[in-house]
Amino acid sequence: MKIEQEKNISFDALVVGGGIAGGEAALNLANTGFKVLLIEKDLSLGGKMIMLSKVFPTLDCAACITTPKVSEIARHSNITIYTSSEVSSISKIAKDNFEAIVIKKPRYVVIEDCTACQLCEEACPISVSDQYQYNMVGRKAAFIPFSIANPKAAAIDIDNCILCGACEKVCPTNCIDFTQETEEYRVSIKTVILATGFKLFDPVLIPRYGYGVYKNVITSMQMERELAPTRPFNTVLRPGDGKVPDKIAYVLCTGSRDATIGNPICSQICCMYSIKQSQLLMGALPMADVTIYYINIRSFGKGFEEFYQQAKGMGVNFVKGKIGKITETEKGNLILRYEDINEGIVKEEEHDMVILSVGALPNQDASKLFKGEELQLDQHKFIYQSDLLGSPSKTSIEGVFVAGTASGPMDIPDSILSAGSASSEAISYLIQNK
Amino acid sequence: MEVEKGKTAKYLRDKREVSQDLKDNLKIFNKIKKEILEALKEGDLTIDQLTQKLNIPKHEVVYYLMSLIKYGFVQTGEVDDMDEYFSYKLKK
Ligand SMILES: Cc1cc2nc3c(=O)[nH]c(=O)nc-3n(C[C@H](O)[C@H](O)[C@H](O)COP(=O)(O)OP(=O)(O)OC[C@H]3O[C@@H](n4cnc5c(N)ncnc54)[C@H](O)[C@@H]3O)c2cc1C
Ligand code: SF4
């Protein structure tokens with residue numbers, strides 16, 4: 001990797017992570033006149049929220065809320081955004097001054113010149129799994145990440161590119177540039193907001209559920225994509241054989257509240273997003289039966305209990321049961337063997353599609369960033385909140401704040417509230433240290 | 001040396017080797033694409049019927065067929081009487 005000459009830049013605040021929490025925090029700082037550098041490691045802003053179908057408990061379309069917000073962030077004159085970028089280190093060089101090293105990877109496309117015409121996609125001969133559709137369909141090596149991506153510009157997946165040059169031959173604006181190199185920036189900042197979000201549990205780690213082996217066992221994120229307007233298939237289908245499912249099961253707490261896989265805590269969002277998806281499925285497939293297997297339903301937020309009752313009223317079947325094992329029939333159906341918790345007996349039920357409601361795990365990226373100071377993590381490896389009740393966005397390092405799910409699992413409204421708290425703490429810190 | 005715009009792939013080709021795996025994957029994709037498009041020339045087919053013609057597992061047929069819909073070669077046709085399986089056809 002050749003690194004272009006290092007560049008020096010300075011901002012008031014560095015926000016690491018461009019999901020809904022990082023975006024909101026950046027916007028609040030920018031609206032109060034502070035200069036913000038927003039670092040996102042992916043090709044687009046928006047984090048997980050931009051990939052969702054609709055959102056609980058209002059059933060608003062996720063894209064309709066995320067897209068205007070993300071474009072406001074992208075257009076703001078006080079916000080500089082680096083996508084495909086990561087912070088490699090942050091050092092405190094004075095009481096109120098940090099220095100960060102930012103690595104910007106080449107996109108091989110000049111974003112400003114790309115009109116998103118998609119001619120490069122058409123010309124590219126390569127087809128690989130589309131990570132933005134959670135591998136249910138292919139994409140090209142020259143590709144626009146997804147239709148509501150921001151920046152909406154092509155990118156070259158260099159690891160899968162055969163360098164045939166077909167994309168640049170057809171590009172009307174000559175925006176494809178294979179001479180781009182990795183760039184390194186030395187950034188001076190006064191405060192840092194960590195908004196690196198959460199990771200999804202990989203259900204391969206629970207082999208008895210058969211994920212990856214039984215093709216009609218999918219994750220909740222894959223179902224979000226199947227339900228989104230920009231979905232991988234024309235309607236909700238089983239990936240195993242393209243059948244429209246009619247007896248669907250949800251397995252809640254997959255990878256949560258389970259000490260055996262190292263995550264004893266509740267992920268807080270899975271009950272509600274599964275109830276949301278069940279309602280959307282009843283709308284998309286009116287003849288379908290949907291059963292949710294749960295240990296406890298955690299409907300603690302505003303409007304959540306009503307949302308749960310609404311799903312019951314629509315005919316969603318709730319079974320208090322712990323899944324022991326899933327097996328597959330010849331037709332690709334799935335037999336769920338479970339303990340009926342109310343009756344205390346083991347039962348079996350056949351379904352034709354199973355959705356594993358995967359939990360939220362900590363993203364530990366931020367803990368490795370700091371040189372000379374220790375960013376403490378809590379016992380579950382989320383970022384430690386040093387004054388949880390008084391100033392919940394404070395971390396173990398003065399001047400460094402945390403926003404959204406980087407500090408623990410939470411839903412979108414709470415992530416936005418948390419970002420509000422982190423940005424106001426950061427603003428008052430900036431003003432006090434002027 | 002300034003590299004001419006629109007001709008930069010060659011610049012990287014000289015510096016970076018393209019792996020045999022990538023070339024092999026491209027061959028596999030082209031082969032399956034050709035087989036699916038050939039099969040559909042004869043008329044609309046369901047995934048089950050396509051699987052019988054192609055020598056690959058059903059879930060791979062779903063994956064490649066859906067990719068070909070996305071790339072604009074194939075389109076979804078009618079659903080069967082049981083509302084279970086769609087047929088697929090070439091995009092005109
Ligand atoms: C299947 C599913 C359905 C859901 N449905 C709902 C719903 O209906 N309603 C609701 O309220 N909530 C829902 N949620 C929860 C919602 O997704 C989260 O609350 C929200 O996405 C949290 O936002 P965030 O910004 O904290 O984290 P994220 O969305 O995880 O964003 C973090 C961002 O930081 C970036 N990043 C990570 N590490 C680095 C790094 N080292 N450097 C730079 N960038 C980095 C990531 O690429 C990402 O863009 C759902 C979650 C799932 C999994
Ligand atoms: S150069 Fe790479 S990205 Fe461009 S068309 Fe060829 S394979 Fe696709």
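Convention: sequence-line order gives letters A, B, ...; per-chain numbering from 1.
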Counting heavy-atom pairs under 4.5 Å to chain B, which of [options] comes out on top?
options: K140(A), M287(A), E122(A); answer: K140(A)
options: Q118(A), R139(A), M136(A); answer: R139(A)
options: D159(A), I156(A), N135(A), T235(A); answer: D159(A)
options: P232(A), A141(A), P239(A); answer: P239(A)
options: G242(A), G165(A), C171(A); answer: G242(A)
options: D246(A), N160(A), I176(A); answer: N160(A)

With chain A, which of Y64(B), F86(B), Y85(B) has the greatest number of heavy-atom pairs at distances under 4.5 Å? Y85(B)

In terms of heavy-atom pairs under 4.5 Å with chain A, the winner among K10(B), K7(B), K23(B) is K7(B)

Set out, in order, the CA-CA distance, both residues' side-chain angles and the distance that settles side chain to side chain contact (heavy atoms under 4.5 Å, CB included) for V137(A) and K70(B), then state yes or no. CA-CA 8 Å; V137(A) 71; K70(B) 181 173 166 185; 4.3 Å; yes

Atom group of [X] that falls short of 4.5 Å from chain B, counting heavy atoms:
X: S129(A); value: both
X: C167(A); value: neither
X: C164(A); value: backbone

Applying side chain to side chain contact (heavy atoms under 4.5 Å, CB included) to H59(B) and N216(A), what does each step give before you reach the verdict? CA-CA 9 Å; H59(B) 70 269; N216(A) 298 324; over 6 Å; no

Looking at [X], I'd like to know if its [atom1] atom is crowded, meaning that more than 12 non-hydrogen atoms belonging to other residues, nucleotides or ligands lie closer than 6.0 Å.
X: Q131(A); atom1: CD; answer: yes
X: N55(B); atom1: CG; answer: no
X: Q20(B); atom1: CD; answer: yes

When rounded to the nearest 0.5 angstrom, what is the spacing between [atom1] in [X] and [atom2] in [Y]?
X: C161(A); Y: L22(B); atom1: SG; atom2: CG; answer: 8.5 Å
X: Y108(A); Y: L12(B); atom1: OH; atom2: CG; answer: 5.5 Å
X: N30(B); Y: S127(A); atom1: CG; atom2: OG; answer: 9.5 Å

Of the backbone (N, CA, C, O) and the side chain (C-beta and beyond), which part of K5(B) lies under 4.5 Å from a heavy atom of chain A, both, or neither? both

Is Y88(B) in contact with chain A via its backbone, its side chain, both, or neither, using a 4.5 Å heavy-atom distance? side chain

What is the minimum heavy-atom distance between [X] and [Y], and which atoms define it?
X: A9(B); Y: L163(A); value: CB-O, 4.0 Å
X: V18(B); Y: I162(A); value: CG2-O, 3.5 Å
X: Y63(B); Y: G138(A); value: OH-CA, 3.4 Å
X: I47(B); Y: D241(A); value: CG2-O, 3.7 Å
X: M66(B); Y: F233(A); value: CG-CD2, 3.4 Å
X: Y11(B); Y: E181(A); value: OH-OE2, 3.7 Å

Could you walk me through whether F178(A) and V3(B) pass side chain to side chain contact (heavy atoms under 4.5 Å, CB included), step by step? CA-CA 10 Å; F178(A) 285 99; V3(B) 184; over 6 Å; no

Short side-chain to backbone donor-acceptor contact, Y71(B) and E121(A), under 3.5 Å: no

Is D83(B) paired with K243(A) through a side-chain N to carboxylate O contact shorter than 4.0 Å? no

Does the side chain of L26(B) reach to within under 4.5 Å of the side chain of P125(A), using non-hydrogen atoms? yes

Quick one: does L237(A)'s side chain get under 4.5 Å of V62(B)'s, heavy atoms only? no

